[in-house]
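One structure is given here, and the rest of the page talks about it.
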Amino acid sequence: MNIGITVYPSYGGSGIVGSELGRELALRGHNVHFISSSLPTRLTELNERVHFHEVEMMSYPLFEHQPYDLALATKMATVARSEKLDLLHVHYAIPHSISAILARESIKQKRYVPVITTLHGTDITLVGADRSYLPITRYGLQQSDGVTAVSKYLKRATIETFDFDEIEVIPNFICPNYYRREEEESPLRRELAPNGEKLLVHVSNFRPVKRPIDCVEILSKVLGTGAKAKLVMVGDGPEYSAIHHRARQLNVLEQTIFAGKQAKIADYLAIADVFLLPSEEESFGLAALEAQACEVPVVASRVGGIPEVVGDGETGFLSDIGDTKKMSKDTSNLLRNDELRHAFGERGRELAIARYSSKLVIPQYLNFYEKVLAQSEKKQAQSV
Ligand code: GMT
């Protein structure tokens with residue numbers, strides 16, 4: 001198949017999933033064409049099956065805001081025709097599905113290119129649900145030829161907000177060979193924990209919705225019990241200064257390591273002892289899955305799709321949003337009890353492989369593509 005994929009190329013779960021999906025599809029012999037404003041961060045290798053088409057933007061003084069959505073639609077239509085795309089698969093509804101629908105409509109006399117939209121979370125729960133975007137998001141869903149969501153929770157949320165239910169749930173996935181535990185004595189672990197400290201790791205784009213400040217609150221309480229631990233904050237984003245400030249206030253700045261944006265998150269997860277995800281909103285929690293694949297127990301909030309991924313009392317512990325007291329108790333418990341930590345870690349990897357391995361999930365996307373292509377061929381035939 002010739003598949004066009006559009007993602008937000010910067011850091012963010014949807015960009016990661018779209019990029020990894022493209023890589024996996026290419027490994028299975030498909031031609032993948034990424035269409036976006038810049039090369040997606042996780043897309044480290046272009047080859048004869050993985051191509052990149054940059055959306056060019058004309059700068060014009062009259063445009064107070066550059067109409068990216070239109071430039072994207074134009075590029076999608078051009079690539080769809082020149083590369084004979086079978087379908088356009090967009091990740092994150094706004095504005096990608098609207099641009100793709102526009103592209104499809106603009107060339108449909110020559111070639112009908114079905115649009116598949118994958119919903120990731122905030123495109124529905126925050127952006128799409130906002131009054132300024134709600135009607136156009138609903139239009140994007142209704143006009144897509146196929147819609148997938150990354151969790152059962154997100155499907156339910158979409159039905160509630162948009163009264164739209166033709167949604168296939170296809171979860172996030174991991175490659176078990178890439179996400180795996182590192183032996184204890186790795187150089188990175190020695191560098192981060194030179195005195196044998198335990199490592200709490202958080203990975204995100206430091207947006208308020210991730211509540212990254214809760215991580216330093218948890219660290220402070222854990223250290224208060226006498227534990228030797230460090231917190232590694234991987235990523236960057238708008239809450240950076242606030243996290244730094246709170247760590248200084250709590251007198252735990254020395255034990256907090258800001259690792260910045262990292263190309264290989266797996267290196268940090270592979271040596272973590274506990275993964276923290278205290279989010280306020282999380283449709284799936286890809287980072288939690290990646291941590292579990294690396295045998296790391298997860299301490300997280302009981303919100304959105306997280307309970308589908310993290311087994312409370314089985315692969316980690318869940319708490320109410322903002323309950324850093326319980327989260328720190330759970331973390332201390334895991335740090336103190338090697339047996340429990342290892343048992344949760346092993347179970348986490350077992351479940352990650354059994355439910356979310358790329359080997360299982362990529363065929364679900366391919367089957368969905370086939371289904372959508374067959375349906376739209378039928379529709380085309382009926383309309384002639
Ligand atoms: O929250 C992020 O890190 C970014 C966001 C995105 O769309 O880029 O992530 C969402 O998509 C991920 C991949 O499907 C999910 O694992 C995250 O749970 C989801 N984030 C939220 O719902 C807040």
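Everything quoted here is computed from the prediction, not taken from an experiment. Each ligand, and each atom within it, is numbered from 1 in the order the structure gives.
Residues Leu70 and Val79 fall into different hydrophobic clusters, defined by Ile, Leu, Val, Met, Phe, Trp and Tyr side chains chained together at heavy-atom separations under 4.5 Å.
The distance criterion of under 3.5 Å between nitrogen or oxygen atoms is not met by Glu281 with respect to ligand 1. Of the N or O atoms in Val209, none lie within a sub-3.5 Å distance of an N or O in ligand 1. Considering both main-chain and side-chain atoms, Gly285 comes within under 3.5 Å of ligand 1 through a nitrogen or oxygen pair. Taking distance alone, with nitrogen or oxygen atoms compared against 3.5 Å, Gly15 stays at or beyond that limit from ligand 1.
Residue Gly121 approaches ligand 1 through these ligand atoms, each under 4.0 Å from one of its heavy atoms: 22 (O). The contact set between ligand 1 and Ser14, taken as ligand atoms under 4.0 Å from a residue heavy atom, comprises 6 (C), 7 (O), 8 (O), 11 (O), 13 (C). Every atom of ligand 1 is numbered from 1 in the order shown, and the set under 4.0 Å from a heavy atom of Tyr92 is 7 (O). The contact set between ligand 1 and Lys210, taken as ligand atoms under 4.0 Å from a residue heavy atom, comprises 1 (O), 2 (C), 3 (O). Every atom of ligand 1 is numbered from 1 in the order shown, and the set under 4.0 Å from a heavy atom of Leu286 is 16 (O). Residue contact check: Val150 has heavy atoms under 4.0 Å from atoms 14 (O) of ligand 1.
Judged by the shortest distance from any of its heavy atoms, His91 lies outside the 4.0 Å radius around the atoms of ligand 1.
The distance between the ring centers of Tyr8 and Tyr92 falls below 6.0 angstrom.
Proximity of Asn205 to ligand 1, defined as any heavy-atom pair under 4.0 Å, is confined to the side chain (atoms from C-beta onward). Within the 4.0 Å heavy-atom criterion, neither part of Tyr8 lies near ligand 1. At a heavy-atom cutoff of 4.0 Å, ligand 1 is contacted by no atom of Asp123, backbone or side chain.
The aromatic rings of His33 and His51 lie parallel to each other, their planes meeting at an angle below 30°, with 60° marking the opposite boundary. Ring planes of Phe63 and Tyr60: perpendicular class, angle over 60° (limits at 30 and 60°). Ring geometry, Tyr356 versus Phe284: the interplanar angle exceeds 60°, so the pair is classed perpendicular (tilted spans 30 to 60°).
Looking only at side-chain heavy atoms (C-beta outward), Met57 and Tyr68 come within less than 4.5 Å of each other.
Among residues two or more places apart in sequence or in another chain, the side-chain contact (heavy atoms from CB on, under 4.5 Å) test is passed with Asn367 by none.
The residue from Leu231, Ile218, Leu223 that alone fulfils the side-chain contact (heavy atoms from CB on, under 4.5 Å) condition with Val252 is Leu223.
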Cut-off 3.5 Å, no hydrogens considered: what does the side-chain donor-acceptor table look like for residues 160-173, sequence neighbours left out?
{"from": "Thr161", "atom 1": "OG1", "to": "Ala157", "atom 2": "O", "distance (Å)": "3.0"}
{"from": "Glu168", "atom 1": "OE1", "to": "Lys371", "atom 2": "NZ", "distance (Å)": "3.2"}

